[in-house]
Every structure is written in C-alpha cells, then in structure tokens.
Amino acid sequence: MSSNASQAGLLSGADPPRHVAIIMDGNGRWAKKRLLNRVKGHEKGAETVRTIVRAAGELGIKVLTLYAFSTENWQRPAGEIKALMALLKKFLIKEEPDLLKNNIRLGTIGQLARLPDDARATIEQVKTTTAKNDGLLLNLALSYGGRTEIVEMVQAIAAKTAAGALTPEHIDEKTVTDHLYTSGLPDPDLMIRTSGEMRISNFLLWQLAYSELYITPTLWPDFTSEEFIGIIREYQQRERRFGKVDPA
Ligand code: FPP
C-alpha cells in the first residue's frame, strides 16, 4: 500500500480496491431540496467528482469508473442534457492541468459517437494529453448502458465467428471480457451507489458479478472524501470468497 493510502486512514495489511465503480446518484434531489434547478445539482455534483478523483488517486486506486451519463439519460429534457454535456466539457477543460499534474489518465466507456461533437473533441483531446499517465485511470461511463455493451460484444464476436476468425467452442468468459468496453481492465472490486437506491441501473452488468456493493443514503453532491475513505476501509474488512468457502 502507498504511504499516501496509510496516511489517508486506510488499513495496513489489507489491499485497497484496485477498481472502484460509482453510480453518482442524487443530484436532482439535492437541488430540489434547496428549491434549485436540477442543473445546479449537477454543477455541485461535478465538484464532488473533482474531490473523489483526487482522493482515489491519493489512495492508490488504479481505476475509478464513474457513471456520468447512461443510455437512458438521453430521455431527459433537452435542456438538462445540453447542460450536462456543457458541464462535462467545462469540467475536463478545467481539470486537465490537475489530471496531468497528478498522473491521471482519462478513459471512457460507452457510445461516445452519440455525444455532441464539441464534448467529444474535448474528451479526445484530454485522452491524448493524459495518455502516458500511469497513476489512476479516470474512466467515465458516457452514453453507457450495460445491455447495449453486451449487444455490441455479441455482435463483435458473431462477426469474428462468421468471418472464420473464431469458432463457437472456443468462445469462453475471456472472449466475452475481451470484447466489452472494459477490455483490459480488472473488474470492479467495489461498487458504490449514492442516494440510497438499491439498484444497479444497467451499470457494468457483466463486470459487477463478484463486486462488493456499498449503498449510501448520501446524495452525490454531499458525498465527501471522508465518507469515501470510510467505505474503502469497510471494504478492506470484508471477506471476499468469490463463491468458494473460507479456506480457514
Ligand atoms: C444522477 O443524478 C446523476 C447524473 C445523471 C449525472 C451525473 C453527473 C454529474 C455527477 C456531474 C457531471 C459529471 C462529470 C463527470 C463532470 P440524478 O439527476 O438522477 O438525481 P436524482 O435521482 O436525485 O434526480
């Protein structure tokens, strides 16, 4: 474990999670409670993103996947979608120097082609400038849906099979894993959802098979690095058996 991680209050002797995935929920309710427009909730939520990205880097987490925009979110009012896309672009432009300074690489999963051109161009640019960083991977799920990801995986495998590059009997779990958006990444060790909803909402359907889950009632804009560290400590005390029995 890095000295930063122990300084931050993680337990020594237990590994921190390599990959943490978060469903950042509750921006709308945070705004509503304050009689504000929903977009104000997303703006405050973007500040939380900044805090948690920094904390994850300091804790030595290797991958942080954030559910920033789902395939279902395209059904929200046009004004809210426009504001979210503008916020994403503004966030990346503002954070780029810190990502570089803190050795953080930007990645994405999802149907990036559906994003507006300007947001996509900013994403591609920040991906390029941070490509050589080997600290935390900030992996944004954008226009992401777990079922769509599975459909695209099946299409890719079917195309290779039809072309004779794969035979059905050689298709195994690794073949599937290698054709998902997350190819090359470890599965999430821990999935956190804010705002208390007990659902996974089409997020990483294959990859969450053995992840530890943590649901907090805190709304995403109120989520702090202290609560994040507390959840990671709780994770460090869990026993992961992956369907097997305790060896002791
Ligand atoms: C869920 O809250 C949140 C979203 C759909 C968007 C998440 C976006 C951000 C955290 C800010 C921008 C992101 C980045 C990466 C800069 P909700 O609107 O569903 O809340 P509700 O369930 O209370 O209505």
Side-chain angles (χ1 to χ4, degrees), residues 20-57 61 63-99 102 104-112 114-116 118-127 130 136-146 148 181 191-204 215-225 227-228:
V20 177
I22 307 185
I23 301 179
M24 310 183 287
D25 197 12
N27 295 347
R29 273 161 286 170
W30 183 92
K32 196 173 175 197
K33 273 197 341 196
R34 288 162 180 78
L35 305 177
L36 296 169
N37 185 292
R38 293 177 57 81
V39 174
K40 291 283 172 214
H42 296 314
E43 285 171 7
K44 189 75 171 58
E47 288 176 31
T48 307
V49 173
R50 176 185 165 82
T51 305
I52 299 306
V53 169
R54 180 168 292 197
I61 291 166
V63 187
L64 178 68
T65 298
L66 300 179
Y67 205 1
F69 196 86
S70 71
T71 46
E72 291 73 27
N73 288 155
W74 289 115
Q75 289 158 40
R76 293 195 174 199
E80 184 173 342
I81 295 174
K82 204 167 165 217
L84 272 168
M85 294 299 151
L87 189 58
L88 173 68
K89 184 177 160 188
K90 191 172 141 198
F91 173 87
L92 289 174
I93 291 170
K94 187 163 165 235
E95 294 306 311
E96 188 178 15
D98 269 20
L99 298 180
N102 296 319
I104 298 171
R105 178 164 68 94
L106 178 70
T108 58
I109 53 173
Q111 294 183 314
L112 222 56
R114 291 185 70 182
L115 265 56
D118 60 335
R120 207 172 58 237
T122 303
I123 292 165
E124 295 301 351
Q125 186 238 312
V126 178
K127 274 188 185 175
T130 62
L136 174 72
L137 168 66
L138 168 59
N139 189 32
L140 295 182
L142 292 166
S143 191
Y144 173 86
T148 301
Y181 301 142
M191 196 282 276
I192 301 170
R193 180 172 190 147
T194 58
S195 95
E197 309 289 352
M198 303 287 179
R199 295 189 280 276
I200 58 171
S201 300
N202 204 14
F203 189 41
L204 302 173
I215 317 282
T216 169
T218 307
L219 303 177
W220 178 252
D222 291 327
F223 194 63
T224 61
S225 54
E227 181 169 6
F228 185 54

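Counting convention: from 1, in listed order, for ligands and their atoms alike. Computed over heavy atoms, backbone and side chain alike; hydrogens, waters and symmetry mates excluded. The model shown is predicted, which means the values in this text are computed figures rather than measured ones. All residue numbers refer to positions in the sequence shown, counting from 1.
Look at R38 and you'll find a heavy atom under 4.0 Å from some atom of ligand 1. Heavy atoms of R76 approach ligand 1 to within less than 4.0 angstrom. Put simply, no part of S195 is less than 4.0 Å from ligand 1, judged by heavy atoms.
Between F203 and Y67, the angle of the ring planes stays under 30°, which puts this pair in the parallel group of the 30/60° scheme.
A donor and an acceptor atom, one from each side chain of W220 and S195, are nowhere located under 3.5 Å apart. A side-chain N or O of E227 and one of T218 form a donor-acceptor pair less than 3.5 Å apart.
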Check against salt bridge (Lys or Arg N to Asp or Glu O under 4.0 Å), K94 and D98: CA-CA 8 Å; K94 187 163 165 235; D98 269 20; over 6 Å; no
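Residues F69 and L115 fail the side-chain proximity criterion, which asks for heavy atoms closer than 4.5 Å.
Distance from atom 12 (C) of ligand 1 to its nearest protein heavy atom, with residue and atom name: L87 CD2, 4.0 Å. Of the protein's heavy atoms, N27 ND2, 3.5 Å lies nearest to atom 10 (C) of ligand 1. In this structure, the protein non-hydrogen atom closest to atom 3 (C) of ligand 1 is M24 O, 3.1 Å. In terms of protein heavy-atom proximity, atom 14 (C) of ligand 1 is closest to V49 CG2, 4.2 Å. What sits closest to atom 5 (C) of ligand 1 on the protein, heavy atoms only, is N73 OD1, 3.6 Å. Among protein heavy atoms, the minimum distance from atom 22 (O) of ligand 1 is reached at R29 NH2, 2.9 Å. In this structure, the protein non-hydrogen atom closest to atom 11 (C) of ligand 1 is H42 O, 3.5 Å.
Of all atoms in ligand 1, listed by their number and element, those nearer than 4.0 Å to a heavy atom of F91 are 16 (C). Within the listing of ligand 1, atoms 17 (P), 18 (O), 20 (O), 21 (P), 23 (O), 24 (O) sit less than 4.0 angstrom from a heavy atom of G28. With ligand atoms numbered from 1 in the order given, ligand 1 contributes 6 (C), 7 (C), 8 (C) to contacts under 4.0 Å with heavy atoms of A68. Taking a cut-off of under 4.0 Å to the non-hydrogen atoms of W220, the atoms of ligand 1 that pass are 10 (C).
Between G41 and W30, the closest heavy-atom pair is CA-CE3, 3.7 Å. The shortest heavy-atom contact between A68 and L142 is CB-CD2, 3.8 Å.
Annotation for K44: atom NZ counts as buried by contact number, over 12 foreign heavy atoms lying within 6.0 Å. Residue-environment remark: CZ (R105) stays at or below the threshold of 12 foreign heavy atoms within 6.0 Å.
Each of L137, V53, T130 was compared with I104 under the side chain to side chain contact (heavy atoms under 4.5 Å, CB included) criterion, and only V53 meets it.
The shortest N/O to N/O separation between E80 and ligand 1 does not fall below 3.5 Å.
Neither the backbone nor the side chain of F69 has a heavy atom within less than 4.0 Å of ligand 1.
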